Amino acid sequence: MTAQAAHAELPEPVRAMIDAAIATGDETKVRTVTEIARATNPGDQEEIDAIVATFEAGVAARKTAEAEAKVAQIRSAGLFDNWSGKGEFGAFRATGNSDNTGVTAGLTLDRQGIDWRHKLTGRVDYQRANGLTTREQYLARYEPNFNVSDNFYVYALAQYERDRFQGIAARYAVSGGMGYQALKADDIQLSVKAGPAYRVTEFADGRNESRIAGLIGLDFDWNITEKLKLTQDTNAVAETGGSAVAIIDSRNTTLDLITGLDARINRSLTARFSYAVEYDSNPPSGAVQTDTLSRVTLIYDF
């Protein structure tokens, strides 16, 4: 039986208008058209309600089927499936332990599962002038997360850094702890995490240090408009003399704070401006505490 036969009492133009809206599958459009139909045909409220109920039931069934298919696809995915990524390339301006302009490149890989999330991050800032390297900084990070509930998750973190102009030949850190998704809306997200950490630093002068530490992290994303996004990422690691007792009374605190503004050009390409502050409260002899990096980059999503 057709929709027209089932609801024959509705005037033909009204019936055609509702059927056309339903054919688009657009819930907002169907809602708008049926509200107009109710206002102009108050005697046909029950029939219009029945049409809307049938449409909404079909939409709900379709969404349920799509969600079940997505879950099944994730559960059956192999190790190298369901990865997405961002490649980033551009220029930077540095102040602090070096004062120069150079090239920057980054790569982020992300795999979303039902309960698990895996994130791999790599970044290189490099500058060479007159046959001499004047900026050489490397960062690599791997972070798996496991969702305990809708808002809480457990994280682990392994990180490698190298910045010889700051006097660090290599720095390794591992951490694990709890995270909390404080805000989770379509246009704004905020998560925080904290936990103990262990950090090994190899200085350029040959000294080595191994310390118990504490890690605090913050990740904030705000979609200001459909094409403009503000991001704020913060990681702070505080080391104590022997055990993680109090971060505020630490011997050496490292703070990485990155504020970014993303402007989407198209589905795959985004222009990004970011400003980073890297602070080390107890740097090696001859190095200053604070570095800043201004980056202008293009990001390609794949």
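Quick caveat, the model's predicted, so the values are computed rather than measured.
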For the residue pair Thr290 and Val288, establish whether any side-chain heavy-atom pair is separated by less than 4.5 Å. no
With sequence neighbours excluded, residues passing salt bridge (charged side-chain N to carboxylate O under 4.0 Å, His left out) with Glu88: Arg123
Look at the side-chain heavy atoms of Ile, Leu, Val, Met, Phe, Trp and Tyr, link any pair under 4.5 Å apart, and say whether Val59 and Val30 land in one connected group. yes
Less than 4.0 Å between a side-chain N and a carboxylate O, is that true for Asp110 and Lys119? no
Answer yes or no: is there a donor N or O on one side and an acceptor on the other, between the side chain of Arg264 and the main chain of Asn266, under 3.5 Å? yes
Just to verify, what does Asp163 make a salt bridge (charged side-chain N to carboxylate O under 4.0 Å, His left out) with, not counting sequence neighbours? none
Ser175 and Tyr155: which non-hydrogen atoms are nearest, and at how many Å? OG-OH, 2.8 Å
Group every Ile, Leu, Val, Met, Phe, Trp and Tyr by side-chain heavy-atom contacts under 4.5 Å, then state whether Val124 and Leu139 land in the same group. no
Do Asn151 side-chain atoms and Gln181 backbone N/O form a donor-acceptor pair below 3.5 Å? yes
Common cluster, Phe220/Leu261, ILVMFWY with side-chain heavy-atom separation under 4.5 Å: yes
Same cluster or not: Ile224 versus Leu190, using hydrophobic residues (I, L, V, M, F, W, Y) connected whenever any side-chain heavy atoms lie under 4.5 Å apart? yes
Checking Thr231 against Arg272: is there a side-chain donor and acceptor pair closer than 3.5 Å? yes
Please name the pair of heavy atoms, one in Ala37 and one in Ile18, separated by the smallest distance, quoted to 0.1 Å. CB-CD1, 4.0 Å
Stepwise side-chain contact (heavy atoms from CB on, under 4.5 Å) check, Gln289 with Tyr279: CA-CA 6 Å; Gln289 290 181 322; Tyr279 172 79; 3.9 Å; yes
Are Leu293 and Phe273 connected, step by step, through hydrophobic side chains (Ile, Leu, Val, Met, Phe, Trp, Tyr) whose heavy atoms are closer than 4.5 Å? no
Between the side chains of Gln166 and Gln137, is a donor N or O closer than 3.5 angstrom to an acceptor N or O? no
Is any NZ, NE, NH1 or NH2 atom of the basic residue among Asp44 and Arg15 found under 4.0 Å from an Asp or Glu carboxylate oxygen of the other? no
Drop me the distance from Thr34's OG1 to Phe55's CZ, to the nearest 0.5 angstrom. 9.0 Å
Distance, nearest 0.5 Å, that separates CG of Asn41 from CD1 of Ile48: 5.5 Å
Is it the case that Thr104 and Asp125 place a side-chain donor and acceptor less than 3.5 Å from each other? yes
Hey, are the side chains of Ile22 and Val33 touching, using non-hydrogen atoms and a 4.5 Å cut-off? no
Check Asp291 against Gly96 and note the closest heavy-atom contact, atom names and distance. OD1-CA, 3.3 Å
Could you walk me through whether Asp221 and Lys184 pass the salt bridge (Lys or Arg N to Asp or Glu O under 4.0 Å) test, one step at a time? CA-CA 10 Å; Asp221 295 325; Lys184 188 165 58 175; over 6 Å; no
Working to the nearest 0.5 angstrom, can you tell me the gap between Ile36 CD1 and Arg31 CZ? 13.0 Å
With no hydrogens and no angle check, is any side-chain donor or acceptor of Asn223 less than 3.5 Å from a backbone partner on Asp186? yes
Let me confirm one number: the CG-CG distance from Leu269 to Asp301, rounded to the nearest 0.5 Å. 8.5 Å
Inter-residue atom distance Tyr142.OH - Leu120.CG, 0.5 Å rounding: 6.5 Å
Given the options Leu215, Asn145, Leu218, Ile216, Lys193 meets side chain to side chain contact (heavy atoms under 4.5 Å, CB included) only with Leu215
Inspect the contact between Glu161 and Arg199 and indicate whether a charged nitrogen and a carboxylate oxygen are less than 4.0 angstrom apart. no
Kindly give the heavy-atom pair with the smallest separation between Phe92 and Arg295, and that separation in Å. CB-CG, 3.9 Å
Tell me, please, which residues at least two apart from Asp49 pass salt bridge (charged side-chain N to carboxylate O under 4.0 Å, His left out). Arg38
CZ/Arg117 to CD/Glu143 distance, rounded to the nearest 0.5 angstrom? 7.5 Å
A side-chain contact here means heavy atoms from C-beta on lying under 4.5 Å apart; do Gln189 and Leu183 qualify? no
Within a radius of less than 6.0 Å around NZ of Lys29, do more than 12 heavy atoms belonging to other residues, nucleotides or ligands occur? no
Looking at every non-hydrogen atom in both residues, tell me the closest pair between Ala91 and Thr297 and how far apart they are. N-CG2, 4.4 Å
For Arg207, all residues meeting salt bridge (charged side-chain N to carboxylate O under 4.0 Å, His left out), sequence neighbours excluded: Asp205, Glu209
Inspect the contact between Glu202 and Arg171 and indicate whether a charged nitrogen and a carboxylate oxygen are less than 4.0 angstrom apart. no
Run the side-chain contact (heavy atoms from CB on, under 4.5 Å) check on Ile265 and Leu298 step by step: do they pass? CA-CA 10 Å; Ile265 299 172; Leu298 285 175; 4.0 Å; yes
Going through the distances and angles, do Leu10 and Ile51 end up as a side-chain contact (heavy atoms from CB on, under 4.5 Å)? CA-CA 11 Å; Leu10 276 174; Ile51 295 173; 3.7 Å; yes
Would Leu157 and Arg141 count as a side-chain contact (heavy atoms from CB on, under 4.5 Å) here? Give the steps. CA-CA 7 Å; Leu157 176 70; Arg141 179 185 296 137; 3.2 Å; yes
Applying ring pair (Phe, Tyr, Trp, His ring centres under 6.0 Å), which residue pairs with at least one partner in residues 175-216 are found, sequence neighbours left out? Phe152-Tyr180
Flag yes if more than 12 heavy atoms outside Tyr300 fall under 6.0 Å of its OH atom; otherwise flag no. no
Of all the heavy-atom pairs spanning Tyr275 and Ser294, show the shortest one and how long it is. CD1-OG, 3.3 Å
Going by ring pair (Phe, Tyr, Trp, His ring centres under 6.0 Å), name the pairs with one or both residues in residues 97-131, residues two or more places apart or in two chains. Trp116-His118, Trp116-Phe146
